[in-house]
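Remarks on the structure that follows.
Keep in mind that what you see is a predicted model, and the values were worked out from it rather than measured.
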Amino acid sequence: MNKEITNLRPGRSAFMFRIRAVANVFRNLIWFHFLCPYMKKSGLVRIPMNCDIWSPHKDITFGHRVQFGYNCVIACDIEFKNSILCAKSVSFVGKDDHSTDIPQQLIWDSSRGDTAKTIVGNDTWIGHGAIILAGVKIGDGAIVAAGSVVTRDVEPCTIVAGVPAKKVKDRFATEEEKAAHLKYIESYVASLIHKQVS
């Protein structure tokens with residue numbers, strides 16, 4: 001079986017993997033051709049049908065190997081790079097959905113903003129129920145803990161947690177390991193670009 005796309009759960013059979021791969025082709029057909037034809041992808045993307053997707057400027061892009069759990073929400077303009085795992089119920093939400101600072105104007109009647117674009121870097125993992133506010137950049141190799149609310153940029157190869165999310169530790173023990181991993185990500189992305197051009 002192709003190692004590149006097999007992030008299988010322990011105990012899941014190769015047969016079940018093949019069934020899920022076929023189902024994913026049909027899901028992607030529905031998502032990318034009927035529900036959200038403005039979305040662009042450059043590789044394997046897995047989006048369950050019970051996710052909720054909306055983009056104010058119809059600007060959502062996916063790299064290669066981007067996977068969502070059930071009940072995820074995308075409600076902003078966003079770019080997902082490559083090899084990203086989002087657990088269940090992760091939400092990417094607008095930061096300036098409605099104007100709130102105009103006197104004598106109800107929020108209901110306010111104009112919508114939605115100008116900030118979110119970027120999720122390569123090799124990132126976002127835990128169950130995390131909320132990412134629009135305009136945030138999550139760096140390559142970062143991990144967002146379950147239940148976190150990310151209101152600012154996340155540095156590469158860091159682990160953040162909490163409300164609001166703050167750095168709790170580095171992903172790797174040394175700066176040398178971090179540098180080696182970021183270099184590995186860089187070569188991985190370069191190989192993807194080479195495959196697309198070839």
Sub-4.5 Å side-chain heavy-atom contact between N50 and K88: no
If you measure from [atom1] on [X] to [atom2] on [Y], what distance do you get to the nearest 0.5 Å?
X   : Y   : atom1 : atom2 : result
K58 : C36 : NZ    : SG    : 8.0 Å
R65 : R46 : CZ    : CZ    : 9.5 Å
T61 : D77 : OG1   : CG    : 10.0 Å

Mark yes or no for whether [X], through its side chain, and [Y], through its backbone, hold a donor-acceptor pair below 3.5 Å.
X    : Y    : result
T124 : G141 : no
N24  : V45  : yes
D140 : N122 : yes

Would V154 and L182 show up in the same hydrophobic cluster when neighbours are defined by side-chain heavy atoms closer than 4.5 Å? no
Under 3.5 Å, is there a donor-acceptor pair linking the side chains of S55 and Y38? no
F92 and I126: CA distance, side-chain angles, deciding distance, side chain to side chain contact (heavy atoms under 4.5 Å, CB included) verdict: CA-CA 11 Å; F92 300 89; I126 302 175; 3.8 Å; yes
How are the rings of F62 and F80 set relative to one another: parallel (under 30°), tilted (30 to 60°) or perpendicular (over 60°)? parallel
Would you call D59-K117 a salt bridge at under 4.0 Å N-O?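 Judged by the 4.0 Å cut-off on N to carboxylate O distance, D59 and K117 do form a salt bridge.
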In this structure, are over 12 heavy atoms from other groups packed under 6.0 Å from E177 atom CD? yes
When V150 is tested against each of V136, T118, V163 for side chain to side chain contact (heavy atoms under 4.5 Å, CB included), which residue passes? V136
Given I74, which partner from the list V93, I47, I53 fulfils the side chain to side chain contact (heavy atoms under 4.5 Å, CB included) test?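 The option that passes is I53.
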